[in-house]
Amino acid sequence: MLNYTIKDLLNKGKEAVLQEVCVQGWVRSFRSNRFIALNDGSTIRNIQLVVDFENFDAEILDKINTAASLKAIGEVIESQGSGQEIEIQVQKIEILGESNPDELQSTILQPKAHSLEKLREQAHHRFRTNTFGAIMRVRNSLMFAIHKYFNENGFVYVNTPIITGSDAEGAGEMFTVTNFDLEKDLPKNEEGNVDFSEDFFGRHTNLTVSGQLEAEVAAMGLGKVYTFGPTFRAENSNTTRHLAEFWMIEPEMAFYNLDMNMDLAEDMLKYVIAYAIENCPDDLKFLSDRFDKEQTQKPQNERSELLLMERLEYVLHNNFVRLTYTEAIEILQNSKHNQKKKFKYPIEGWGMDLQSEHERYLVEKHFKSPVILFDYPAKIKAFYMRLNDDGKTVRAMDVLFPGIGEIIGGSQREERLDVLDEKMDQLGVSKENLWWYRDLRKFGTVPHSGFGLGLERLVLFVCGMGNIRDVIPFPRTPKSAEF
Ligand code: 4AD
Ligand code: MG
């Protein structure tokens, strides 16, 4: 007898006919007291089990309810019905875990359409739904492809710390990590502030907002490195694009200028999307049907012009449009959209930070293509970005995607100590704290670049989903940390 995952068995197809097999899984449905649809999570597809109820105890049949788990042994036969190539003529069933039909009613395991909101409320059940199961397998495939890409291209995977003393982005959106007993009075210093020198690490520490600064350290010895880990932001933005805990991929490369950085970002995105298309055909078929149907229910002006698979193919086969921030502002300023005051945040001119609506306008309406914006005003970007000769823009780049807005943010780094110091002073970034970061510029500094890709934004794009909470197992957002 052969043990199979449902995926492997279905992939064998007719080759498996006449084999005696064992499969295990969860019941998706049981109809006519005869046909069980069984799923084990290895694939979105179910295997059909055929039960001759005359040969089974009523006691067992009674327990074959939706969501129950079971082990079935039987012979693979060619399917009589349409819809599937093979099925299993069951000889033996062992119920592994029962499912209470009364309690099932209120769960998302009940086989009918449920809203994504309801799925989120039952995040412990949603791995068993078609939609979330498909998303998780695509997410897995993308993560694997990311590692594969960097591995094949000579990058060293380094782990940067999760607990850190620095604010890499200088945006102050950090979660403090402390071992103080918060029920008691906290030790205070002479200025009356909390005295973190008495805390566990002897200093103020926080959860990392980015592994970049430490990745730069590693790149200054290893050449090409990347980090891939959880990142935390205490930004109180309740949007469909922000999480308080998300996963970020951050490559960092010595001897790379901004053009090389852009080339790498574009090449990597294309590689990992192509990998998912090739390796997740069933899941992407399901998700694209879902996406395409969803579009038809939206008002015309909110619809995506391309179907999901067309959109993915478009990204693979077209060059991303590259333009400077300055050019982008001109386009936005002169756009009908702006003149008709259709932006929530009107374009006020050079120097303003772009909002998601502006980024999406450029990508979805103007260029109809992924876009890389570069050379942003220094004032709206982080302290570590390399200053251009014009003295007012920095070598920053943002990759913007349809339906998403910013998917990647990166830059060439400021490798000149004097320029970096001046910037740190201007922005009030502590030189004392980042002495080690400054040290990199004292001993064999080199031009170098890197970027950060938000994994969940990539999964959103590939799966055609609209809310970032639906592409991570247990989302962390303001006022929400259930499970
Ligand atoms: O643009 P960000 O803030 O850049 C950095 O953190 C740099 N240190 C990266 C680097 O150069 N090594 O974040 C990078 C990406 C964004 O483009 C976005 O995809 C994602 O991380 N991101 C978020 N994803 C989900 N929720 C949030 N709150 C996110 N903030 C950023
Ligand atoms: Mg950014």
Side-chain angles (χ1 to χ4, degrees), residues 139 142 146 150 155 158 160 164 166-175 207-219 224-253 256 258 261-262 264-265 268-269 325 353-356 358-359 363 370-374 376-377 380-386 394-401 403-414 429 437 448-462 465 467-472 475-478 480:
R139 180 182 164 112
L142 288 167
I146 287 163
F150 285 121
F155 283 71
V158 297
T160 51
T164 160
S166 50
D167 178 3
E169 291 302 297
E173 294 165 336
M174 302 173 299
F175 291 102
L207 294 175
T208 185
V209 294
S210 158
Q212 178 195 321
L213 304 191
E214 291 90 349
E216 281 186 58
V217 173
K224 293 197 287 186
V225 304
Y226 73 106
T227 73
F228 189 163
T231 329
F232 308 86
R233 305 245 169 130
E235 54 190 336
N236 208 349
S237 40
N238 238 319
T239 78
T240 55
R241 304 282 176 270
H242 289 87
L243 290 164
E245 177 179 304
F246 63 99
W247 287 70
M248 184 150 61
I249 298 95
E250 295 183 275
E252 190 69 36
M253 300 76 62
Y256 266 51
L258 191 69
N261 203 22
M262 291 194 238
L264 180 77
M268 181 203 62
L269 285 169
Y325 165 92
D353 207 353
L354 295 182
Q355 301 294 325
S356 173
H358 307 134
E359 298 173 340
V363 171
V371 168
I372 310 183
L373 289 189
F374 61 95
Y376 280 77
I380 57 171
K381 289 291 184 185
F383 73 95
Y384 50 72
M385 299 189 180
R386 193 178 198 281
V394 286
R395 299 248 78 189
M397 66 175 212
D398 276 4
V399 181
L400 314 178
F401 260 34
I404 305 292
E406 180 189 337
I407 193 164
I408 281 180
S411 67
Q412 184 168 335
R413 318 307 188 189
E414 185 54 78
V429 178
Y437 188 73
H448 63 289
S449 300
F451 62 82
L453 165 67
L455 175 68
E456 286 75 19
R457 298 216 182 152
L458 175 66
V459 182
L460 265 183
F461 177 74
V462 175
M465 298 300 291
N467 192 321
I468 201 161
R469 295 166 178 82
D470 298 324
V471 300
I472 186 166
R476 299 294 176 244
T477 53
S480 161

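Only heavy atoms go into these numbers, but all of them, side chains included; no hydrogens, no water, no symmetry mates. Ligands are counted one by one from 1 in listed order, and the atoms in each one are counted from 1 as well.
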Checklist entry - Taking the six-membered ring for Trp, are F150 and Y226 parallel (under 30°), tilted (30 to 60°) or perpendicular (over 60°)? => result parallel
Next on the checklist: Out of the candidates M385, R386, H448, only one should pair with Q412 under the side chain to side chain contact (heavy atoms under 4.5 Å, CB included) rule; please name it.
Outcome noted: R386
Checklist entry - Do Y384 and E169 have side-chain atoms, one donor and one acceptor, less than 3.5 Å apart? => result yes
Checklist outcome for this item: Heavy-atom contacts under 4.0 Å to ligand 1, chain-then-number order, include exactly E169, S210, Q212, R233, E235, R241, H242, L243, F246, M248, E250, Y384, E406, I407, I408, G409, G410, R413, G450, F451, G452, G454, R457, I468
Item to check | Any donor-acceptor N or O pair under 3.5 Å, side chains R233, T231 | outcome: no
Next on the checklist: Could you tell me if E216 and Q212 have a donor-acceptor pair between their side chains, going purely by distance under 3.5 Å?
Outcome noted: yes
Checklist entry - Backbone N or O of F451 within a donor-acceptor pair of the E250 side chain at under 3.5 Å? => result no
Checklist outcome for this item: Within less than 2.8 Å of the Mg ion (ligand 2), the count of protein N, O or S atoms comes to 1
Checklist entry - Judged by modelled atom types alone, do S237 and T239 share a side-chain donor-acceptor pair under 3.5 Å? => result no
Item to check | Flag side-chain contact, heavy atom, 4.5 Å: E245 against L207 | outcome: no
Item to check | Charged N-O contact under 4.0 Å between E456 and R139 | outcome: yes
